[in-house]
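Below: one structure, written as structure tokens.
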Amino acid sequence: MTGPLILGIETSCDETGVAVVAGNEILSTVLASQIDAHARFGGVVPEVAARAHVEAIRPMVHLALRQAGVHSDQLDAVAATRGPGLVGALMVGFSFGKALAWTLGAPFVGVDHMEGHLFAPRLEHSEFEPPAIVLLASGGHSQVVHVRGWGDYEVLGATIDDAAGEAFDKIARFMGLGFPGGPAIDRAAEGGDPAITRFPRALRDRPYDFSFSGLKTSVVTYLEKAKAGNAVPPLPDVAAAVQEAIVDVLVEKTFNAVEATGVDRVAGGGGVLANRRLRQRLEEEAAARGVALHLPSPALCTDNGAMIAAAGEFRLERGDVTAWGLDVSSSLRLGS
Ligand code: KG4
Ligand code: ZN
């Protein structure tokens, strides 16, 4: 093992993720997913999420330590997500982590969730170093980030309305594909023909920004028209066309940033990066341009404790230990 032994806790949304990491090596990573609890509501219910984290946090921390073969006394620090996310959900992991660190006499590090996603590629690709262009796409955020150095982030572009994951989730719900929508569309699109229709690609005139709310409207209009004309198209084709529209702009804006900055390294993070078509398109584009690409494996794209531990390790080494009196911040912004 190289580097300090860190316990990472993630509870910003609907996954209780806990991991033990040392020097970017994952010793254990466990996850309690709340998908079943939220599925019947068709989306994440904040109150339900907070309660589920309360139930899961203690057993998950014990499990992560046990699987790593680590006793809590050995931990060099505890890191937990400070924001952005759902306030009630954040408070569970943040307070638990803080209390544990206090009891152990260890430093506590509050981590920006999006910085966690930025560090995820490092867990499997030790050669991943700035400068890099990183595409962050999750349920709450879509950003193209110029990582000039660790801790030195320029957000080049972001969504002006829905995040990419949110678009997947809302469109999937309308199509009756269930929750969460991203994996559902990914599966439904398998074997589908995206050429059945071309949904609009918005904000073509802005190099790095995204807009996905218009896409949702055009999918609704398209399907309602088709139904009215008794010509309902095959679901896999529609799912593939939706996926292609979202993936197209994510890839285009990422490589706009590569071109403008001259950076020769691309990485990704956030749940949407688990999408198989997006991964394939990024790989093709990176190969065509001779640019290095570092994508975390799908389980490290979606929320997890290991990425929080990895970012926590960086912050600890920088001396960015969180004061005991600091609270969660649901609107924390990368780079601020
Ligand atoms: O990063 P994440 O786990 O949580 C947030 O920080 O929001 O991202 C969750 C989002 C959801 O919107 C989910 O639908 C989407 O990531 N997602 C996917 C896939 N897997 C998860 N979107 C497209 N394709 C996937 N395979
Ligand atoms: Zn996330």
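Every number for a ligand or one of its atoms is a count from 1 in the order of the listing. When reading the values below, keep in mind they use all heavy atoms of this one structure, side chains included, and skip hydrogens, waters and symmetry mates.
As for Asp303, its N/O/S atom nearest the Zn ion (ligand 2) is the one called OD1. When the Zn ion (ligand 2) is compared with the N/O/S atoms of His113, atom NE2 turns out nearest.
With a heavy-atom cut-off of 4.0 Å, Arg276 does not touch ligand 1 at all. With a heavy-atom cut-off of 4.0 Å, His113 touches ligand 1 through its side chain alone. With a 4.0 Å heavy-atom cut-off, ligand 1 is reached by the backbone of Asp303 and by its side chain too. Residue contacts with ligand 1, taken as heavy atom pairs separated by less than 4.0 Å, involve Asn275 via backbone and side-chain atoms alike.
Remark: distances from the non-hydrogen atoms of His117 to ligand 1 include one below 4.0 Å. For Cys13, the heavy-atom gap to ligand 1 stays at 4.0 angstrom or more.
Of all atoms in ligand 1, listed by their number and element, those nearer than 4.0 Å to a heavy atom of Gly165 are 12 (O). Here is the list of ligand 1 atoms found below 4.0 Å of a heavy atom in Gly140: 7 (O). Of all atoms in ligand 1, listed by their number and element, those nearer than 4.0 Å to a heavy atom of Thr302 are 3 (O). Near Asp186, the atoms of ligand 1 lying under 4.0 angstrom from a non-hydrogen atom of the residue are 24 (N), 25 (C), 26 (N). Atom numbering of ligand 1 starts at 1 in the shown order; those under 4.0 Å from a heavy atom of Gly270 are 1 (O).
Salt bridge status for Arg289 with Glu285: present, with a side-chain N to carboxylate O gap under 4.0 Å. Between Arg51 and Glu55 there is no salt bridge, since none of the side-chain N atoms of the basic residue sits less than 4.0 Å from a carboxylate O of the acidic one. No salt bridge links Glu283 with Arg279; every basic N to acidic carboxylate O contact stays at or beyond 4.0 Å. Between Arg201 and Glu252 there is no salt bridge, since no side-chain nitrogen of the basic residue lies less than 4.0 Å from a carboxylate oxygen of the acidic one.
Proximity of the aromatic rings of Phe108 and Phe94 is defined here by a centroid distance below 6.0 angstrom, and this criterion is met.
Looking at Glu15 and Thr302, their side chains never bring a donor and an acceptor atom within 3.5 Å of each other. If you check the side chains of Ser211 and Asp161, you find a donor sitting under 3.5 Å from an acceptor.
Distances between N or O atoms of Gly271 and those of ligand 1 include at least one value under 3.5 Å. In terms of N/O distances under 3.5 Å, ligand 1 is approached by Gly139. Residue contacts with ligand 1: Pro180 is placed with no nitrogen or oxygen under 3.5 Å of a nitrogen or oxygen of the ligand (distance criterion only).
Judged by distance alone, the side chain of Lys216 and the main-chain N or O of Ala167 form no donor-acceptor pair under 3.5 Å.
A heavy-atom distance below 4.5 Å is found between the side chains of Phe96 and Arg58.
When hydrophobic clusters are built by joining Ile, Leu, Val, Met, Phe, Trp and Tyr residues whose side-chain heavy atoms come closer than 4.5 Å, directly or via intermediates, Val272 is not grouped with Leu31. Residues Leu295 and Phe168 share a single hydrophobic cluster, defined by chaining ILVMFWY side chains whose heavy atoms lie under 4.5 Å apart.
With 2.8 Å as the limit, His141 does not count as an N, O or S neighbour of the Zn ion (ligand 2).
Heavy atoms of other residues, nucleotides or ligands lying less than 6.0 angstrom from CZ of Arg204 number more than 12.
In this structure, the protein non-hydrogen atom closest to atom 23 (C) of ligand 1 is Gly182 CA, 3.4 Å. Among all non-hydrogen protein atoms, the one lying nearest atom 12 (O) of ligand 1 is Asp169 OD2, 2.7 Å.
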